[in-house]
Chemist: 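Attaching a single structure in structure tokens format; questions to follow.
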There are 2 protein chains.
Amino acid sequence: MADFNTIAKQFVDFYYSTFSTNRSGLKALYRDHSMLTFEGSPIQGSTAIAEKLEGLPFQKVQHKVTTLDAQPSSPTIASLLVSVTGLLVVDDGENPLNFSQVFQLIPEGGSYYVFNDIFRLNYG
Amino acid sequence: MADFNTIAKQFVDFYYSTFSTNRSGLKALYRDHSMLTFEGSPIQGSTAIAEKLEGLPFQKVQHKVTTLDAQPSSPTIASLLVSVTGLLVVDDGENPLNFSQVFQLIPEGGSYYVFNDIFRLNYG
């Protein structure tokens, strides 16, 4: 089995690539008890989370990952904490925004789903 | 019992105030299986984590919290995921640095300890 850093990297690559090319595909990564806190607003459940992400008001978006850190998040199950910082490039804008995002991934049937997701823009 | 946002706020206030005024007191917040990833370097255990934090090469440090988000991190125990972004002011410097920090707090005997800790400076 891949180590947790490799799994975190694969997840983050897949998540942001899906965000750019097929945003509605993100819904499958969440469950009914999943939580997203987006710029301070709490949202629960895959349906509401997908509506939020799909409704974000930009056509093109790219997440450029600057740092990626991962740790096991439980002594008993193979869950992972993943922390990302990077740049958000929206609609080919020339002024990318710094962002921070944290995921907790829970193993399920040979893959993982997102239980926790916290997203913030960082205005310096 | 206080709600998770209140607990997260109390923890973060206590953590950064202890960091500024009594850095060696942070050791009591970690356990032998606790993890810190500091600027990409993984460190495990309260003794090694305390050595790292106490050895950081600045005399005065202040964390100014800009955003604080929290979520329950487990369906079964009252653990918390806490994500912080803010400004790090070192030795009264005039150019504070943006930072991101993530904690997972685990309940223990009426209080909490830090199981996961990921710290990153964000260079914009």
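Lettering of chains follows the sequences in order, A, B, ..., and the numbering in each one begins at 1. Note that this is a predicted model, so its numbers are computed, not measured. Both backbone and side-chain heavy atoms feed into the values below; hydrogens, waters and symmetry mates do not.
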Chemist: State whether the number of non-hydrogen atoms from other residues, nucleotides or ligands found under 6.0 Å of A:Asn95 atom CG is greater than 12.
Modeler: no
Chemist: Let me check something: do B:Val90 and B:Leu121 share a hydrophobic cluster, defined by ILVMFWY side-chain heavy atoms less than 4.5 Å apart, either directly or through other members?
Modeler: yes
Chemist: Would you mind checking which part of A:Pro75 comes under 4.5 Å of any heavy atom in chain B, side chain (CB onward), backbone (N, CA, C, O), both or neither?
Modeler: both
Chemist: Cluster question for you: counting only ILVMFWY and a side-chain heavy-atom cut-off of under 4.5 Å, with indirect links fine, are B:Val89 and B:Val65 together?
Modeler: no
Chemist: Only pairs of heavy atoms separated by less than 4.5 Å count here; which of B:Leu97, B:Ile106, B:Thr85 has the most with chain A?
Modeler: B:Thr85
Chemist: Shared ILVMFWY cluster between B:Ile77 and B:Leu80, side chains joined below 4.5 angstrom?
Modeler: no
Chemist: To check you understand the geometry: which heavy-atom pair defines the closest contact between B:Thr67 and A:Arg120, and what is its length?
Modeler: CB-NE, 3.5 Å
Chemist: Return the CZ to CG distance between A:Phe115 and B:Leu81, rounded to the nearest 0.5 Å.
Modeler: 10.0 Å
Chemist: Can you name the nearest heavy-atom pair linking B:Thr37 to A:Gln71, along with the distance?
Modeler: OG1-NE2, 2.8 Å
Chemist: Hey, which of B:Val102, B:Asp117, B:Ile118 has the most heavy atom pairs under 4.5 Å with chain A?
Modeler: B:Ile118
Chemist: Looking at A:Ala70, A:Ser73, A:Ser100, which one has more heavy-atom pairs under 4.5 Å with chain B than the rest?
Modeler: A:Ser73
Chemist: Quick one: which of B:Pro42, B:Ser74, B:Gly40, B:Ser79 has the most heavy-atom pairs under 4.5 Å with chain A, could you say?
Modeler: B:Ser74
Chemist: Assigning hydrophobic clusters by single linkage (Ile, Leu, Val, Met, Phe, Trp, Tyr; side-chain heavy-atom cutoff under 4.5 Å), is A:Phe103 placed with B:Met35?
Modeler: no
Chemist: Side-chain heavy atoms under 4.5 angstrom apart, residues restricted to Ile, Leu, Val, Met, Phe, Trp, Tyr: same cluster for B:Tyr15 and B:Tyr113?
Modeler: no
Chemist: Under 4.5 Å from any heavy atom of chain A, what part of B:Leu36 do you find: side chain, backbone, both or neither?
Modeler: backbone
Chemist: Say whether, by atom type as modelled, one donor and one acceptor occur between the side chain of A:Asn116 and the main chain of B:Pro72 under 3.5 angstrom.
Modeler: yes
Chemist: Is the number of heavy atoms from other residues, nucleotides or ligands under 6.0 Å of B:Gln59 CD greater than 12?
Modeler: no
Chemist: Of the backbone (N, CA, C, O) and the side chain (C-beta and beyond), which part of A:Thr66 lies under 4.5 Å from a heavy atom of chain B, both, or neither?
Modeler: neither
